[in-house]
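Read through the structure below, which is laid out as structure tokens, and then see the notes.
What's counted below: heavy atoms across the whole structure, side chains too, no hydrogens, waters or symmetry copies.
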Amino acid sequence: MAVFPWHSRNRNYKAEFASCRLEAVPLEFGDYHPLKPITVTESKTKKVNRKGSTSSTSSSSSSSVVDPLSSVLDGTDPLSMFAATADPAALAAAMDSSRRKRDRDDNSVVGSDFEPWTNKRGEILARYTTTEKLSICSKLLSDTSVIQFYPSKFVLITDILDTFGKLVYERIFSMCVDSRSVLPDHFSPENANDTAKETCLNWFFKIASIRELIPRFYVEASILKCNKFLSKTGISECLPRLTCMIRGIGDPLVSVYARAYLCRVGMEVAPHLKETLNKNFFDFLLTFKQIHGDTVQNQLVVQGVELPSYLPLYPPAMDWIFQCISYHAPEALLTEMMERCKKLGNNALLLNSVMSAFRAEFIATRSMDFIGMIKECDESGFPKHLLFRSLGLNLALADPPESDRLQILNEAWKVITKLKNPQDYINCAEVWVEYTCKHFTKREVNTVLADVIKHMTPDRAFEDSYPQLQLIIKKVIAHFHDFSVLFSVEKFLPFLDMFQKESVRVEVCKCIMDAFIKHQQEPTKDPVILNALLHVCKTMHDSVNALTLEDEKRMLSYLINGFIKMVSFGRDFEQQLSFYVESRSMFCNLEPVLVQLIHACVAYCFITIPSLAGIFTRLNLYLHSGQVALANQCLSQADAFFKAAISLVPEVPKMINIDGKMRPSESFLLEFLCNFFSTLLIVPDHPEHGVLFLVRELLNVIQDYTWEDNSDEKIRIYTCVLHLLSAMSQETYLYHIDKVDSNDSLYGGDSKFLAENNKLCETVMAQILEHLKTLAKDEALKRQSSLGLSFFNSILAHGDLRNNKLNQLSVNLWHLAQRHGCADTRTMVKTLEYIKKQSKQPDMTHLTELALRLPLQTRT
């Protein structure tokens with residue numbers, strides 16, 4: 001192929017932009033709009049079982065026997081499962097969450113805000129099934145008098161009873177269903193057939209024949225729901241009778257758990273029957289004094305159980321009974337219940353259950369009354385600090401009268417600060433910290449934090465209480481969104497020093513930084529905030545090592561970058577630069593943080609970028625830094641960045657790691673170079689380095705780079721260079737940077753500049769044509785056709801086709817694209833249509849003749 005001269009066509013960018021704009025079309029409200037909501041109707045089809053699978057439909061004639069133990073336990077030992085989850089902090093958080101839900105008002109009979117038994121069940125097993133008590137459990141098969149295990153035993157046995165009751169109910173229900181009729185969910189006894197009723201009566205007659213009181217009570221209570229098949233009033237008649245049966249149980253512990261089970265069943269089958277629940281409560285109050293009677297005391301002596309270990313067995317059952325009664329109960333009933341509890345002596349156990357089950361608003365408005373009752377309680381058996389903890393949980397959910405708030409805190413803290421046991425102290429103090437933060441200033445919060453430090457520092461007691469200490473920090477930062485106030489709390493940073501375990505300390509620092517990013521609205525230069533948060537961020541950064549996961553690194557980088565973005569010294573650039581320098585020295589192990597600092601601080605890019613591992617990360621950062629420098633009129637620094645990027649191109653490997661997979665790098669290099677060319681358009685030439693010195697250096701690097709044998713990326717890059725040089729020859733460039741004079745302003749269309757530009761174009765064209773010539777092989781004809789058509793389109797868009805040689809070259813390329821039947825006919829048809837359309841423009845009439853010389857060939 002002969003050498004062809006290049007002539008760029010003159011472009012009127014404003015006119016081209018105007019011609020590309022869409023015409024404004026008025027849109028009526030009734031027309032379709034792509035953002036209108038779309039309604040999707042989902043059609044559900046019945047799932048067809050695969051061949052050999054067991055049908056999911058059961059019939060009334062099924063003879064399979066369900067093992068209730070396997071149904072309940074599901075092959076897992078419940079003692080081990082719940083003992084493994086016995087985390088006090090998680091348990092307390094779950095209880096607080098359930099109480100919040102329960103205290104919302106709802107008009108339904110039993111809404112989603114009623115705490116389900118499953119929550120209480122897990123709580124009981126987690127609390128009473130410890131490693132120590134599991135050794136006692138082994139004696140349960142031969143001795144049923146192990147008192148400490150009773151709550152866990154109650155849960156496990158009632159689980160089996162529940163399964164039994166469910167199976168009986170479903171069996172009777174299935175008798176009422178046949179091929180002709182289906183029993184509705186809310187059926188009446190008239191809907192049940194005689195067979196179902198007879199079977200149901202048979203069950204109740206069998207249970208009535210049980211001689212022992214307790215087995216008869218529990219089994220009948222478990223199938224209480226089956227009364228629905230017999231009569232409409234069956235359940236309402238049975239509940240009072242079962243309540244009276246419990247009066248015959250002499251042991252107060254067994255009695256209270258029986259009442260808890262009856263209340264649970266009652267809430268499931270007839271939640272509207274509140275009278276039975278109330279009757280259970282008042283019956284319990286009558287027998288409450290038995291707990292301190294001689295019979296119980298003698299039993300405890302025989303078993304070697306102390307009263308402080310015995311009394312905590314009651315709250316799970318009592319709390320459940322009180323919760324059932326107080327759910328949506330009127331104010332008058334709650335007041336009556338509280339007054340009756342006050343009349344009983346030594347009522348700490350009752351008082352704790354009242355505060356655990358009643359609505360938080362009810363407790364908060366009567367806080368001083370409850371404090372008075374707590375003071376009168378006997379310390380033996382049930383410690384007062386547990387009562388104050390229950391009171392604190394309520395005050396975290398509801399506000400007491402404003403006039404009583406300081407007195408409440410003083411009365412509570414008098415008791416809390418006297419506690420000698422660190423665990424008792426921190427469990428109680430953690431609850432009252434939220435009350436203090438919510439209603440008082442930093443002065444009171446500082447006093448509380450100082451007291452916590454005083455109690456938890458001796459003998460390094462804080463090492464056993466990290467979960468509670470973490471909760472205290474979370475509550476403090478949740479209420480202090482102004483970090484200048486937070487860090488002015490004198491004891492806040494000393495409090496953080498108690499977190500000696502690195503993993504816990506890092507988690508606390510992450511919580512602080514997350515709160516700062518979320519709540520800090522304006523940039524800051526407050527030295528108190530900066531010094532404190534630099535210390536916090538340094539703690540997070542120093543935790544990074546070779547074993548740190550990438551997700552953890554990303555999270556830490558996000559938090560540290562969020563802090564860096566919020567620091568601004570305004571026009572004080574020296575201070576800003578000093579902060580970035582200090583940050584770079586502190587956070588050198590997190591690459592995303594270094595990237596953020598590079599974006600913020602161009603002056604230190606040359607020091608930092610070479611230390612990064614990713615080759616394309618370095619290339620893109622050099623380019624980005626150069627663009628930032630150019631935007632800030634730092635021309636020499638911009639040239640330095642661009643030269644560094646050019647010198648780095650030869651180091652690009654053939655394969656790079658992308659998401660753990662090795663992939664060819666040429667497509668990524670092509671993308672980077674295209675972005676680079678777009679920037680080079682507006683970079684002014686250096687007065688000492690000649691015309692287009694950066695473009696020449698980049699072309700030399702591209703020429704010397706070792707490309708893949710079967711790759712066309714080098715030619716695509718040369719095509720992009722041709723586009724760049726064509727744009728550089730225009731009288732006015734397509735875009736500019738404010739306050740930066742590009743070559744169109746510096747040279748002003750000088751003939752020597754244009755001549756140098758055209759020489760480069762001819763050199764690039766020669767390389768493209770030479771490559772097309774090498775593709776004249778059977779296996780490369782399709783590539784030749786594609787590249788030929790691409791080069792034709794480049795000449796059409798950027799070349800002056802009024803030049804005869806360039807015009808002839810375009811015709812030759814058109815024929816080359818079709819020569820071997822490998823052309824994309826659809827693309828060529830559209831291209832020819834575009835040429836004919838453009839030829840109608842006033843300055844494009846020469847394209848009419850060109851269109852006549854471009855035939856379309858069909859495959860034969």
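Proximity of a side-chain donor or acceptor of S231 to a complementary backbone N or O of N227 within less than 3.5 Å is not detected. Side-chain N or O atoms of N280 include none that pairs as donor or acceptor with a backbone N or O of T243 at under 3.5 Å. Judged by distance alone, the side chain of W117 and the main-chain N or O of W320 form no donor-acceptor pair under 3.5 Å. The main-chain N or O of I207 is never found under 3.5 Å from a side-chain atom of R216 such that the two would form a donor-acceptor pair. A donor-acceptor pair is defined here as one N or O able to donate and one able to accept, closer than 3.5 Å; such a pair exists between the side chain of K197 and the backbone of P189. Between the T199 side chain and the I172 main chain, no donor and acceptor come within less than 3.5 Å of each other. Listed for the Y257 side chain is no donor-acceptor partner under 3.5 Å among the backbone atoms of P316.
Counted within 6.0 Å of CD on E275, heavy atoms from surrounding residues, nucleotides or ligands total 12 or fewer; the atom is thus considered open. The number of heavy atoms from other shown groups lying within 6.0 Å of CG (N202) is above 12. The environment of K474 atom NZ is sparse: at most 12 non-hydrogen atoms of other residues, nucleotides or ligands sit within 6.0 angstrom. Around the CG atom of D194, the shell of radius 6.0 Å holds no more than 12 heavy atoms that belong to other residues, nucleotides or ligands. By the 6.0 Å contact criterion, CD on E336 is enclosed, its count of non-hydrogen atoms from other residues, nucleotides or ligands being greater than 12. Other residues, nucleotides and ligands contribute at most 12 non-hydrogen atoms within 6.0 Å of the CD atom of E306. Atom NZ of K232 is surrounded by 12 or fewer heavy atoms from other residues, nucleotides or ligands within 6.0 Å.
With contacts defined as side-chain heavy-atom distances shorter than 4.5 Å, the pair I147/Q299 qualifies. Counting only heavy atoms from C-beta outward, the side chains of Y435 and R405 approach each other to under 4.5 Å. Contact check for T287 versus D283: no side-chain heavy atoms found under the 4.5 Å cut-off. At least one side-chain heavy atom of D162 sits under 4.5 Å from a side-chain heavy atom of R264. Looking at F154 and V254, their side chains never come closer than 4.5 Å, going by heavy atoms from C-beta outward. Between V269 and K228, the closest side-chain pair of non-hydrogen atoms is not below 4.5 Å.
Once rounded to the nearest 0.5 Å, the distance linking CD of Q323 with CZ of F114 reads 4.5 Å.
Pairing each heavy atom of C324 with each of L277, the nearest pair is O-CD1, 3.8 Å. E220 and C238 make their closest contact through OE2-SG, 4.3 Å (heavy atoms, listed as atom of the first residue, atom of the second, distance). The two residues A329 and L334 make their nearest non-hydrogen contact at CB-CD2, 4.0 Å. Closest approach of V265 to A221, counting heavy atoms only: CG1-O, 3.4 Å. Residues K475 and V431 approach most closely at NZ-CA, 4.1 Å, considering heavy atoms. The minimum heavy-atom distance linking C200 with C226 is given by the pair SG-O, 3.2 Å.
Ring geometry, F288 versus H292: the interplanar angle exceeds 60°, so the pair is classed perpendicular (tilted spans 30 to 60°). Taking the six-membered ring for Trp and thresholds of 30 and 60 degrees, Y314 and Y310 have ring planes more than 60 degrees apart, a perpendicular arrangement. The aromatic rings of F284 and F322 sit perpendicular to each other, their planes meeting at more than 60°, with 30° as the lower class boundary. Note: Y218 and Y261 have tilted aromatic rings, judged against thresholds of 30 and 60 degrees for the angle between ring planes. Ring planes of F362 and F370: perpendicular class, angle over 60° (limits at 30 and 60°).
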